[in-house]
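In what follows, a structure is listed as structure tokens, so that the remarks can point back to it.
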Number of protein chains: 2
Amino acid sequence: MGKRRPGAPTLEEVAVHARVGRGTVSRVINNAAGVKDSTRRAVQRAIEELGYVPNLAARSLAGRRADAVALVMTEPDWRQFAEPFFSEIVRSLGDALTDTGIQLLLTLVRSDTERQRFLEYARGGRVDGVLLMSVHAGDPLPDMLAEARLPTVLLGRRSGEEYVSYVDADNIGGARSAVSHLLRQGRRVIATITGPLDLYAAQCRLRGYEEALAMAGLEGEPTRVAESDFTAESGRRAMAELIERYPDIDGVLAASDTTAAGALEALRAAGRRVPEDVAVIGFDDFSLAQRTEPRLTTVRQPIEEIGRAMIRLLLEEMEEGAVAWRHVILRTELVVREST
Amino acid sequence: MGKRRPGAPTLEEVAVHARVGRGTVSRVINNAAGVKDSTRRAVQRAIEELGYVPNLAARSLAGRRADAVALVMTEPDWRQFAEPFFSEIVRSLGDALTDTGIQLLLTLVRSDTERQRFLEYARGGRVDGVLLMSVHAGDPLPDMLAEARLPTVLLGRRSGEEYVSYVDADNIGGARSAVSHLLRQGRRVIATITGPLDLYAAQCRLRGYEEALAMAGLEGEPTRVAESDFTAESGRRAMAELIERYPDIDGVLAASDTTAAGALEALRAAGRRVPEDVAVIGFDDFSLAQRTEPRLTTVRQPIEEIGRAMIRLLLEEMEEGAVAWRHVILRTELVVREST
DNA sequence: ACTCAGGACGGGAGCGCTCCCAGTTCGCGG
DNA sequence: CCGCGAACTGGGAGCGCTCCCGTCCTGAGT
């Protein structure tokens with residue numbers, strides 16, 4: 001299956017053509033020091049003339065590295081997270097890798113078969129490290145990768161777990177400061193629309209909401225909670241439900257900007273003005289937050305930093321050989337706009 | 001950068017452990033015939049005991065193939081196409097590959113640098129073939145891949161181009177039959193919401209719309225067209241615009257189900273009943289079409305078949321070495337539900 | 001008992017690169 | 001003009017596998 005381009009020139013042929021040794025050609029294509037300028041140019045001309053492209057399989061075999069890392073997504077997330085979050089993360093990871101010469105490969109793992117196949121691929125040495133998108137609690141993949149001693153970094157913690165490297169945003173703090181902001185504005189009937197509560201991030205945001213109320217001495221109050229799945233549609237439904245349950249509601253923290261956008265629609269439909277009657281806060285601060293009407297106050301997730309941190313941790317592990325687990329929790333920040 | 005797990009067992013070690021030759025172990029892990037059952041079992045036990053995993057770099061080097069294909073997306077599409085179309089395609093490609101032992105790798109190409117890097121990766125032999133998502137007209141990637149003699153299959157044609165293999169749906173026919181359906185229902189003021197018209201698929205759907213009107217002898221009529229970018233939001237806007245321009249509108253063909261969903265909202269907001277006042281037809285038949293209110297009549301794209309066809313063409317090219325261009329145009333089908 | 005076809009099996013010869021050491025050349029002070 | 005580090009350069013020794021050919025063993029046929 002799949003004969004490769006036959007007769008592709010080899011490094012050896014380039015060496016002959018340039019009248020130098022293999023070692024020298026190798027040094028040139030790897031930009032290594034210690035080659036006279038004139039020699040280097042000669043080799044480069046030979047490469048040009050022959051249309052030489054290094055064979056990556058041979059390079060991997062000899063060099064014992066793949067110069068590639070995988071970003072693995074499991075089915076559930078990449079559907080619901082799909083839109084902005086996913087694409088933003090991929091972009092920021094791509095940016096963080098641009099000048100490392102490392103290829104970013106996305107892989108979908110939707111079934112046990114595919115998980116197994118990916119594992120063989122990874123253990124077979126086709127990637128030097130693995131990035132995992134929001135892994136669900138029961139997924140055995142992180143452990144399997146650890147067993148294979150493959151450098152691995154998770155995006156987002158799973159509950160409490162420490163024996164794995166991860167990068168996460170301070171969801172608790174973000175939610176807390178959002179709710180505090182509402183309280184400072186004099187709002188008193190504050191509800192929250194959560195994400196799917198089997199996701200640790202969603203649990204954290206809920207916790208932050210509760211903590212802020214507690215800090216304000218409102219512990220006695222009932223917590224007003226509706227669950228969503230991060231989509232606009234579910235946000236609309238959840239908001240409608242909250243309006244019904246708490247007619248005097250005057251503030252809402254949504255699970256994401258998308259959810260908040262849905263909530264805004266529901267509020268409009270119910271004739272409530274934002275922010276006069278009800279203040280709304282989103283989460284994420286993707287571009288959507290600036291296109292809503294009114295523009296959304298939201299908790300900014302530092303996507304760019306998350307991507308950079310993930311790559312940094314992964315590279316460190318690749319360097320040192322996965323001897324320690326690293327955790328980075330990035331600060332979130334409230335961005336105040338017109339909806340509060 | 002990135003030392004690989006040191007001391008991973010090699011095929012040689014397995015051979016020693018099982019007291020057989022390297023050849024035999026190779027035959028076992030490749031499921032090749034000509035190994036006595038008892039021997040095979042012994043080897044498998046040795047593999048088990050040593051936790052042996054084949055080194056894919058060595059296998060690629062010796063076997064001259066990568067057992068992987070890349071699915072390349074360029075920035076523009078994977079944002080706007082994003083949601084259902086993209087995920088459905090990936091799913092169907094994944095399914096079509098499951099029992100070939102070939103890994104599907106997604107790659108994002110967002111800049112010239114990344115295009116170049118991917119090309120090196122592909123020409124370096126890390127993949128045996130390339131699948132391209134809806135490539136835009138000016139993209140040089142297909143030609144570069146052809147030059148490198150890498151088997152390549154496009155999803156969706158670019159205008160008229162023939163010197164490349166592709167799989168596409170019959171967009172013209174689909175749009176035509178949708179509009180004919182509306183005409184048969186006695187609708188006379190029929191508009192269309194197109195996709196971005198720099199996309200050939202969108203042009204084709206528009207052409208189908210025009211052809212159906214022409215076939216019905218309505219050529220004199222003005223064509224009623226508004227452009228969208230496939231999102232629900234743009235569908236809503238386009239629909240609102242059409243209502244204003246053609247108050248007596250009684251039928252609409254939308255660019256996609258998502259667009260149609262937006263159009264439904266705009267119609268509801270304008271107090272038009274569907275299908276009594278205005279009939280709406282979508283395009284794609286993704287699951288969304290069954291969740292709208294009313295459920296959407298739509299032109300079904302055979303995603304499953306598209307995925308299978310792409311893989312089939314690619315495997316054929318990989319087998320024969322990219323000597324011919326193959327084209328497959330798949331029939332679309334009108335699925336009538338409640339919105340007409 | 002002897003022959004011989006055919007199924008099993010072993011292992012040499014690479015695949016194309018990197019690593020690294022030994023050899024060669026160069027530049028410069030004495 | 002010689003001596004000596006330092007800067008270059010060449011090429012052997014693998015990396016771990018597949019391919020393939022030659023050998024060995026088995027058992028049926030006579």
Whole Å only: how far is the [atom1] atom of [X] from the [atom2] atom of [N]?
X	N	atom1	atom2	value
A:N30	D:dC8	CG	P	17 Å
B:L11	C:dG14	CG	P	19 Å
B:L61	D:dG14	CG	P	17 Å
B:L56	D:dC15	CG	C1'	14 Å
B:R59	D:dC15	CZ	C1'	16 Å
B:N55	D:dG16	CG	P	7 Å
B:L50	D:dG16	CG	C1'	15 Å
A:R126	D:dC17	CZ	C1'	12 Å

Using a heavy-atom cut-off of 4.0 Å across all strands, would you classify [X] as base, sugar-phosphate, or nothing?
X	answer
B:R22	base
B:G34	sugar-phosphate
A:S60	nothing

Using heavy atoms to find the nearest nucleotide of DNA chain D for B:Y52 and A:R27 separately, return the residue whose nucleotide is more 5′.
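The residue whose closest nucleotide sits nearer the 5' end is A:R27.
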
Determine: side-chain N/O of A:S26 to OP1/OP2 of C:dT18, distance under 4.0 Å, yes or no.
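Result: yes.
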
Does D:dG10 have OP1 or OP2 sitting under 4.0 Å from an N or O in the side chain of A:T24?
yes

Let me spell it out: for each of A:E12 and A:K36, pick the nucleotide of DNA chain C with the closest heavy atom. Which residue's pick is nearer the 5' end?
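Result: A:E12.
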
Decide whether B:R115 and B:T74 meet the rule of one side-chain donor and one side-chain acceptor closer than 3.5 Å.
no

Please determine, by modelled atom types, if A:R126 and B:S60 share a side-chain donor-acceptor pair under 3.5 angstrom.
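Yes, side-chain donor-acceptor contact under 3.5 Å.
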
Any N/O donor-acceptor pair, A:R19 side-chain to D:dG10 base, under 3.5 Å:
no

Kindly indicate whether the side chain of A:R64 and the base of C:dT18 share any N or O donor-acceptor pair separated by less than 3.5 Å?
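Flag unset: no donor-acceptor pair detected.
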
Side chain of [X], heavy atoms from C-beta onward: which of [options] has the nearest atom to it?
X	options	answer
B:T10	D:dG16, D:dT9, C:dT18	D:dG16
A:A58	C:dG10, C:dC17, D:dG11	C:dC17
B:A62	C:dG10, D:dT9, C:dG14	C:dG14

Are more than 12 heavy atoms, taken from residues, nucleotides or ligands other than A:E304, located less than 6.0 Å from that residue's CD atom?
yes

Does this structure show an ion pair linking B:D128 with B:R65, if we count only N-O contacts that are shorter than 4.0 Å?
no

I'd like to know if the side chain of A:D139 and the backbone of A:L141 have a donor-acceptor N/O pair within less than 3.5 Å.
yes

